[in-house]
There are 2 protein chains.
Amino acid sequence: MTSEQTHDKIMEATHTALCKQGYGGLTMQDIANEAGKSKSLLHYHYDTKADLLVTFIEHLLDDFEDRVAVTEDASPQDRLLSFIEWFIIEPHEEERAAFHLALLELRAQAAFNEAFSEQLRASDELLRETVASIIREGIGDGVFYDVEVEPLAAMIIATLDGARTRQITLSTDWYTETVCTQLISALQTMLFVDSEVVTPRE
Amino acid sequence: MTSEQTHDKIMEATHTALCKQGYGGLTMQDIANEAGKSKSLLHYHYDTKADLLVTFIEHLLDDFEDRVAVTEDASPQDRLLSFIEWFIIEPHEEERAAFHLALLELRAQAAFNEAFSEQLRASDELLRETVASIIREGIGDGVFYDVEVEPLAAMIIATLDGARTRQITLSTDWYTETVCTQLISALQTMLFVDSEVVTPRE
DNA sequence: GCTCGCTGACTGACTGATCAGTCAGGACTC
DNA sequence: GAGTCCTGACTGATCAGTCAGTCAGCGAGC
């Protein structure tokens, strides 16, 4: 098996192991077991556990960039709505919930690890800029009010992140769904020029 | 020293140790050191580390309930604004940031610990209900539009939580401040009947 | 007023388990 | 035979939890 293939297998195994054990309970042995390889092999490819995990986050961010970069040619409203709905974790998506839970633990470690921190800041920037560019486009098209773009983008991301965090940490089903609906309704009032929904504003 | 005094000292030491070490790096020895006692004493008072931490969360929630219960007799608008600003973590509040970071790690463990989970769900309920009751009062007084109360309260909490989480995990100064300002401006549009421009803070 | 027995608070030294990381060497190419 | 990929057995460190025992205080009996 080539180094490349092994690398991919280890990344995949890390993902699976993280979902099963969480970040706190994750051991090199767990990853090795998932990969069907020996623990020593992990140390052959990566010096330390921290190195392996930094590589894993980089790998995640690369994936994520690819997925975000796929810009459909829909209207700004639709693109914004799709973006928001993309955050919803449905009750049956257990693996996704487990993974975001592990990611939450990992994010909390960023304060103690500069390499983690760097990656996470980049992903934050990417998320906010993705939303900001949709809003800017909408303003340019005249379909969104001329709001302050960056703060609104930050609020949208914070709201979605908060809802997801609460859904997975409190083991509730409804948080992202409820909050996304509410957020969309708020945006229709404050952002969408031509809102089909009857709103308090007039 | 009485059992009561020792208990208080251990809770305080746990708080300090959590701020210094985070949840992941927290050992019984750390807590013992902070308390100026032996590690054996901790096990004398609490069977296991998990027991100690469950007691600590209960202790936190009790404190929290006391603080939330203090309802000033201000207007619903002002009470809502105060509540929101209460979440802002200023750059100089390093201990508070460190504590919320540890709390975040702890929250992520709730999925694996029913006792943690119970406490956190209660605090979520308390937070949402606090906001909901302010909104209900505002609607009753005719100063807020007749919105759906519970989803809006959930969104407000999610937004504040998300902003705080991102501020502390990404080591940025501005997240809560920016998002709170944006949230207040959103609420003025969609909730406040008589929306005079209110500037947050100062 | 003094000792004796008892208890609750507390300690230091220890144990057993768990893990990250090491190392000598095996197997399989080219 | 040189290099790459990989392994099992090992080590050293770290920690939660245990255990035998110390010590101050206190009430009872004399």
Side-chain angles (χ1 to χ4, degrees), chain A residues 1-59 102 105-106 108-110 112-116, chain B residues 1-59 102 105-106 108-110 112-116:
Chain A
M1 192 172 269
T2 69
S3 191
E4 183 79 6
Q5 286 172 313
T6 306
H7 172 90
D8 289 350
K9 193 169 222 169
I10 292 176
M11 290 298 104
E12 200 185 315
T14 304
H15 180 105
T16 313
L18 265 178
C19 289
K20 286 190 187 168
Q21 318 288 337
Y23 173 85
L26 184 76
T27 69
M28 293 295 267
Q29 191 61 62
D30 292 330
I31 301 175
N33 290 346
E34 289 298 332
K37 301 283 178 183
S38 74
K39 187 161 68 78
S40 314
L41 182 68
L42 304 183
H43 286 290
Y44 174 75
H45 284 285
Y46 311 93
D47 278 359
T48 65
K49 187 184 180 185
D51 281 346
L52 193 159
L53 288 172
V54 168
T55 309
F56 179 70
I57 308 186
E58 285 169 6
H59 177 261
E105 295 180 78
L106 211 149
Q109 295 306 310
F112 310 111
N113 185 322
E114 187 51 40
F116 283 15
Chain B
M1 192 172 266
T2 67
S3 188
E4 183 79 8
Q5 287 172 312
T6 306
H7 172 91
D8 288 350
K9 194 170 222 168
I10 293 176
M11 290 297 104
E12 202 184 314
T14 305
H15 180 106
T16 313
L18 265 179
C19 289
K20 286 190 187 167
Q21 318 290 337
Y23 172 85
L26 183 75
T27 68
M28 292 295 267
Q29 192 61 60
D30 292 329
I31 301 174
N33 290 347
E34 288 298 333
K37 302 283 178 183
S38 73
K39 187 162 68 78
S40 312
L41 182 68
L42 303 183
H43 287 290
Y44 173 76
H45 285 285
Y46 310 93
D47 278 358
T48 65
K49 188 184 179 186
D51 281 345
L52 193 159
L53 288 172
V54 168
T55 309
F56 178 70
I57 308 187
E58 284 170 6
H59 178 261
E105 294 180 79
L106 211 148
Q109 295 307 310
F112 310 110
N113 184 323
E114 187 51 40
F116 284 14

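Residue numbering restarts at 1 for every chain, and letters A, B, ... go by the order of the sequence lines.
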So if I take residues 39-57 of chain A and measure heavy-atom distances to DNA chain C, which residues fall below 4.0 Å? A:K39, A:S40, A:H43, A:T48, A:K49
Let's see if you get this right: which residues in residues 13-23 of chain A place a heavy atom under 4.0 Å from DNA chain C? none
Over 12 foreign heavy atoms within 6.0 Å of NZ, B:K20: no
Crowded around A:E12 CD? As in, over 12 foreign heavy atoms under 6.0 Å? no
At less than 4.0 Å, is any side-chain N or O atom of A:T6 found next to OP1 or OP2 of D:dC5? Yes or no. no
Rounded to whole angstroms, how far apart are [atom1] on [X] and [atom2] on [N]?
| X | N | atom1 | atom2 | answer |
| --- | --- | --- | --- | --- |
| A:E4 | D:dT4 | CD | C1' | 15 Å |
| B:M28 | D:dT14 | CE | C1' | 15 Å |
| A:I31 | C:dG21 | CD1 | C1' | 14 Å |
| A:Q29 | C:dG21 | CD | C1' | 12 Å |
| B:N33 | D:dT14 | CG | P | 14 Å |
| A:I10 | D:dC5 | CD1 | C1' | 11 Å |

Minimum-distance pair of heavy atoms, taken over all atoms of A:K49 and A:L26: NZ-O, 2.7 Å
What is the minimum heavy-atom distance between B:V54 and B:A115, and which atoms define it? CG2-CB, 3.7 Å
Passing option when A:H7 is tested against A:E4, A:Q5, A:M11 for side-chain contact (heavy atoms from CB on, under 4.5 Å): A:M11
side-chain contact (heavy atoms from CB on, under 4.5 Å) with A:Q21: of A:D30, A:I31, A:T16, only one passes, and it is A:D30
Determine whether a donor-acceptor pair (N or O, by modelled atom type, separation under 3.5 Å) exists between the side chain of A:K39 and the backbone of A:T27. no
Give a yes or no on whether the backbone of A:G36 and the side-chain of A:K9 come within a donor-acceptor separation of less than 3.5 Å. no
Using a heavy-atom cut-off of under 4.0 Å over every strand shown, decide if B:S38 touches base, sugar-phosphate, or nothing. base
Could you pull out all residues at least two apart from A:E105 that satisfy side-chain hydrogen bond (donor to acceptor under 3.5 Å, both in side chains)? B:Q109
